[in-house]
Amino acid sequence: MGTLYLVPTPIGNLEDITLRAIKVLQEADLILAEDTRTSGKLLKHYEIGTPMQSHHMHNEHKIVGKIVDRLKGGDTIALISDAGTPGISDPGFLLTRACIEEGISVECLPGATALIPALVNSGLPADRFVFEGFLPIKKGRQTKLQHLAEETRTMIFYESPHKILKTLEQFITYFGPDRPAAVSRELTKLYEETIRGTLSEVLAYYTTHTVKGEFVLVVGGKK
């Protein structure tokens with residue numbers, strides 16, 4: 001039996017990768033990458049020549065059996081996403097579950113992920129929190145927000161730039177304009193910023209400022 005390694009990759013700054021992660025990627029028989037073009041830049045930077053294969057949400061169901069067979073044959077395979085830790089709002093769960101069911105060793109390395117830096121940097125309580133990832137686009141979105149309106153733990157969300165204003169407006173509707181929040185944008189990158197305040201204050205800021213990059217929203221729980 002081989003081993004499946006889940007390897008976190010930098011969310012922006014290429015230096016945010018562990019020495020162990022580099023070693024695993026160098027020594028693996030195959031790297032499964034969400035986008036081989038994006039991951040190719042990282043591998044080239046660290047002079048890693050391990051073969052890559054695409055593994056993303058559109059093909060993971062089709063290829064999971066073949067990957068499991070290779071692992072059963074003794075191959076060491078590393079799974080990476082475009083950025084961050086595989087399985088956190090990225091492909092990874094399906095293959096991990098299949099390997100566990102087949103008795104194949106699975107190891108997840110510690111490393112980069114956007115939600116923890118955003119939470120710790122927010123100044124909001126971090127002892128108890130709930131990660132919601134991306135909210136449903138349409139179906140179930142209102143029901144989810146109604147449920148979360150009663151959540152007492154700090155909440156963490158991912159959001160894309162073209163939906164950030166609408167999402168903040170909905171948060172104000174369901175959570176109230178005075179709910180404390182922090183929005184982190186472009187974490188670890190050149191234009192990284194974190195805006196803190198009430199939901200209405202954060203919305204006012206982004207109504208008149210640049211809305212680009214990947215966003216992490218941290219919202220205080222109900223008191």
Side-chain angles (χ1 to χ4, degrees), residues 1-12 14 16-117 130-141 143-144 156-160 163 187-188 214-216:
M1 287 284 192
T3 298
L4 173 68
Y5 287 95
L6 308 175
V7 183
T9 54
I11 60 175
L14 292 182
D16 292 333
I17 189 169
T18 67
L19 296 175
R20 184 184 173 204
I22 294 173
K23 185 173 186 290
V24 168
L25 294 176
Q26 288 172 333
E27 296 179 354
D29 296 299
L30 176 68
I31 295 174
L32 298 176
E34 187 176 3
D35 187 326
T36 54
R37 294 167 298 179
T38 299
S39 297
K41 298 174 184 177
L42 175 69
L43 301 189
K44 182 179 180 181
H45 181 79
Y46 285 103
E47 299 181 347
I48 298 170
T50 306
M52 279 193 296
Q53 178 179 326
S54 294
H55 179 271
H56 46 73
M57 63 181 295
H58 302 295
N59 74 351
E60 58 180 341
H61 286 83
K62 296 179 181 178
I63 69 172
V64 64
K66 294 180 180 179
I67 299 302
V68 167
D69 287 342
R70 288 194 60 168
L71 287 160
K72 284 183 175 180
D75 280 354
T76 295
I77 297 179
L79 173 63
I80 60 177
S81 63
D82 287 347
T85 301
I88 304 297
S89 294
D90 282 317
F93 167 72
L94 186 69
L95 179 57
T96 299
R97 181 178 62 182
C99 288
I100 292 171
E101 290 174 349
E102 294 293 332
I104 298 168
S105 176
V106 178
E107 293 186 33
C108 182
L109 278 60
T113 183
L115 70 99
I116 297 300
V130 55
F131 173 63
E132 290 293 332
F134 290 96
L135 287 168
I137 297 175
K138 293 181 179 179
K139 186 177 180 180
R141 189 178 180 93
T143 301
K144 170 65 75 172
I156 309 169
F157 306 86
Y158 286 165
E159 192 52 279
S160 59
K163 295 179 182 176
L187 284 169
T188 80
E214 299 300 319
F215 287 81
V216 185

| message | Distance check, rounded to the nearest 0.5 Å: Leu4 atom CG versus Glu107 atom CD? | response | 9.5 Å

| Close side-chain approach of Cys99 to Leu71, heavy-atom, < 4.5 Å | yes

| task | Could you tell me the separation between the CG atom of Leu32 and the CG atom of Leu79, rounded to the nearest 0.5 Å? | result | 5.5 Å

| message | Set out, in order, the CA-CA distance, both residues' side-chain angles and the distance that settles side-chain contact (heavy atoms from CB on, under 4.5 Å) for Ile17 and Ile22, then state yes or no. | response | CA-CA 7 Å; Ile17 189 169; Ile22 294 173; 4.0 Å; yes

| field | Side chains of Arg141 and Ile137 in contact at under 4.5 Å (non-hydrogen atoms) | value | no

| said: Just verifying a value: how many Å separate Asp35 CG and His55 NE2, rounded to the nearest 0.5 Å? | reply: 14.0 Å

| query | Of Val106, Leu6, Val64, Ile104, which meets side-chain contact (heavy atoms from CB on, under 4.5 Å) against Leu95? | reply | Val64

| query | Of all heavy-atom pairs between Ala83 and Asp90, which one has the smallest distance, and what is that distance? | reply | O-OD2, 3.4 Å

| said: Between Phe131 and Tyr158 (judged by ring centroids, cut-off 6.0 Å), do the two rings come close enough to count as a pair? | reply: yes

| Of Thr18, Thr85, Thr113, which meets side-chain contact (heavy atoms from CB on, under 4.5 Å) against Pro8? | Thr85

| message | Once rounded to the nearest 0.5 Å, what's the spacing between atom CG of Leu94 and atom CD1 of Ile63? | response | 9.5 Å

| task | Applying side-chain contact (heavy atoms from CB on, under 4.5 Å), run through Val216 and Phe157 and close with a yes or a no. | result | CA-CA 6 Å; Val216 185; Phe157 306 86; over 6 Å; no

| Where do Ser39 and Ile80 come nearest, in terms of heavy atoms and distance? | OG-CD1, 3.5 Å

| said: To check you understand the geometry: which heavy-atom pair defines the closest contact between Lys144 and Glu132, and what is its length? | reply: NZ-OE1, 3.3 Å

| request: In sequence, state the C-alpha distance, the side-chain angles, and the governing distance for Glu214 and Leu187, and then conclude on side-chain contact (heavy atoms from CB on, under 4.5 Å). | output: CA-CA 8 Å; Glu214 299 300 319; Leu187 284 169; over 6 Å; no

| message | Rounded to the nearest 0.5 Å, what separates atom CD1 in Ile11 from atom OG1 in Thr188? | response | 4.5 Å

| task | Flag the pair Thr76 / Glu27 as yes when at least one side-chain heavy-atom distance between them is below 4.5 Å, and no otherwise. | result | no

| field | Note, Leu30 side chain near Thr50 side chain (heavy atom, < 4.5 Å) | value | no

| note | Closest heavy-atom pair, Thr9 versus Ser81, reported as atoms and distance to 0.1 Å, is OG1-O, 3.3 Å

| said: When you compare the side chain of Ser89 with that of Phe134, does any pair of heavy atoms fall below 4.5 Å? | reply: yes

| query | Measuring from Ile77:CD1 to Thr3:OG1, what's the distance to the nearest 0.5 Å? | reply | 10.0 Å

| Least distance between heavy atoms, Gly74 atom then Asp29 atom | O-OD2, 4.4 Å

| query | Given side chains that start at C-beta, do those of Glu60 and His56 come closer than 4.5 Å, heavy atoms only? | reply | no

| remark: For Tyr46 and Leu14, the nearest pair of non-hydrogen atoms, with its separation, is OH-O, 2.6 Å

| message | Tell me if a side-chain donor or acceptor on Arg70 pairs with a main-chain N or O of Asp75 at a distance below 3.5 Å. | response | no

